[in-house]
Amino acid sequence: MNASSQEITPADLADLIRRKPRIAALTGAGISVESGIPDFRSPGGLWERFAPMEYATIHAFRKNPAKVWGLLKEMDRIITAARPNPAHYALAELEAKGKLLGIITQNVDNLHQAAGSKKVVEYHGNAHRFVCLNCHGQHPRESLDFSQVPLYCYCGGLIKPDVVFFGEPIPREGKRDADHLAATCDLLLIIGTSGEVSPANYLPGFAQGNGALIVENNLEPTRLTRTVTDYFLPGKAGELWPEVMKNLDS
Ligand code: NAD
């Protein structure tokens, strides 16, 4: 743990939330695990079957799109079946109460939006959208036949989910909005991210450098806990966040 970081209870976190006027959240795969979407790094996660450098780089996709579609089809099946869990709803409620400026999410599953969150920065894109790598035209999911992968646009370009592969830049708007939230919040709630993926993992340090307090909720301490976290809330997001909200209302 960061020398000065300490564990926090849902009740104490509710108190902190009450006192802070400019709160933002940074979420990762862990917040959607209880919705049935495995994260990548935990035991049983997708990286056990699909090595990232073989399946998740833009280079791998261009070189052998049929192979990479093995992972993409599986992700699509899992993501389209998933529904928001209580942690997603808690963040939507926090925003509706005027307590949350916005969410920066590394997730591509659209579950924050499905839960009712309005200000969601899609740092890594959204797997519900599909785009041509050549002409950048959008393709509605319903128009695509997943039994015929790889998929090609009318222009001949490769179609891929509108998500950021390793080796691709962060969308300009996503980066701008994420930087703005991180620079202006006074409390950053980190939920379900290991902090291993760059450049998203610079955001907590950036927020802290701009004066924000950092609260982290993960199952176990991470590299963020050791470096930037002020308060650590250990445990499952879907169980803890309803507790935080209950305390906030009482
Ligand atoms: P990660 O897999 O590296 O880390 C997940 C973190 O969440 C871990 O620290 C783990 O302890 C924690 N966690 C697991 N279950 C939890 C729970 N129930 N409650 C609270 N915490 C829990 O995830 P990452 O840091 O987001 O990096 C993975 C990358 O892969 C992201 O960039 C993301 O784009 C992508 N991804 C997205 C999805 C999705 O959209 N749902 C799923 C898998 C991966």
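As the structure lists them, so they are numbered: ligands from 1, and atoms in each ligand from 1.
With a heavy-atom cut-off of 4.0 Å, Asn218 touches ligand 1 through backbone and side chain alike. With a 4.0 Å heavy-atom cut-off, ligand 1 is reached by the backbone of Ser194 and by its side chain too. Only side-chain heavy atoms of Val33 come within less than 4.0 Å of ligand 1; its backbone N, CA, C and O stay farther off. Only the side chain of Ile37 comes within contact range of ligand 1, with a heavy atom under 4.0 Å; no backbone atom does. At a heavy-atom distance under 4.0 Å, atoms from both the backbone and the side chain of Gln106 approach ligand 1. If you look at Ala127 next to ligand 1, there are no close heavy atoms at all, none under 4.0 Å.
Residue Gly192 has at least one heavy-atom neighbour below 4.0 Å for each of these atoms of ligand 1: 5 (C), 6 (C), 7 (O), 21 (N). The atoms of ligand 1 that sit less than 4.0 Å from any heavy atom of Gly28 are 26 (O). Heavy-atom proximity to Pro38, at under 4.0 Å, picks out these atoms of ligand 1: 42 (C), 43 (C). The atoms of ligand 1 that sit less than 4.0 Å from any heavy atom of Val197 are 27 (O).
Electrostatic pairing of Lys63 and Glu54 does not count as a salt bridge here, judged by no charged N lying under 4.0 Å from a carboxylate O.
Of the polar atoms of Val108, at least one N or O is found under 3.5 Å from an N or O of ligand 1, judged by distance alone. Any N or O atom pair closer than 3.5 Å counts here, and Ala29 shares at least one such pair with ligand 1. Between Glu196 and ligand 1, not a single N/O pair is under 3.5 Å apart.
Relative to the ring axis of Tyr55, Arg49 does not place its NZ or CZ within 45° and under 6.0 Å from the centre. Cation-pi geometry between Lys160 and Phe165 is satisfied (NZ or CZ under 6.0 Å from the ring centre, within 45° of the ring normal).
No donor-acceptor contact under 3.5 angstrom links the side chains of Asn126 and Asp162, judged on distance only. Side-chain atoms of Ser35 and Ser32 form no donor-acceptor pair, as typed in the model, at a separation below 3.5 Å. For the 3.5 Å distance criterion, the side chains of His112 and Thr27 qualify, holding a donor opposite an acceptor.
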Exercise. List the steps, then state whether salt bridge (charged side-chain N to carboxylate O under 4.0 Å, His left out) holds for Glu95 with Lys119.
Key: CA-CA 8 Å; Glu95 183 185 15; Lys119 175 74 182 160; over 6 Å; no
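When each of Val149, Asn134, Leu133, Leu144 is paired with Ile159, the side chain to side chain contact (heavy atoms under 4.5 Å, CB included) condition holds for Leu144 and for no other.
At least one heavy atom of Gly235 sits closer than 4.0 Å to an atom of ligand 1. Residue Glu34 places a heavy atom under 4.0 Å from ligand 1.
Closest protein heavy atom to atom 35 (C) of ligand 1: Phe40 CE1, 3.7 Å.
Here the closest heavy-atom approach between residue Val197 and residue Gln106 is recorded as CB-OE1, 4.1 Å.
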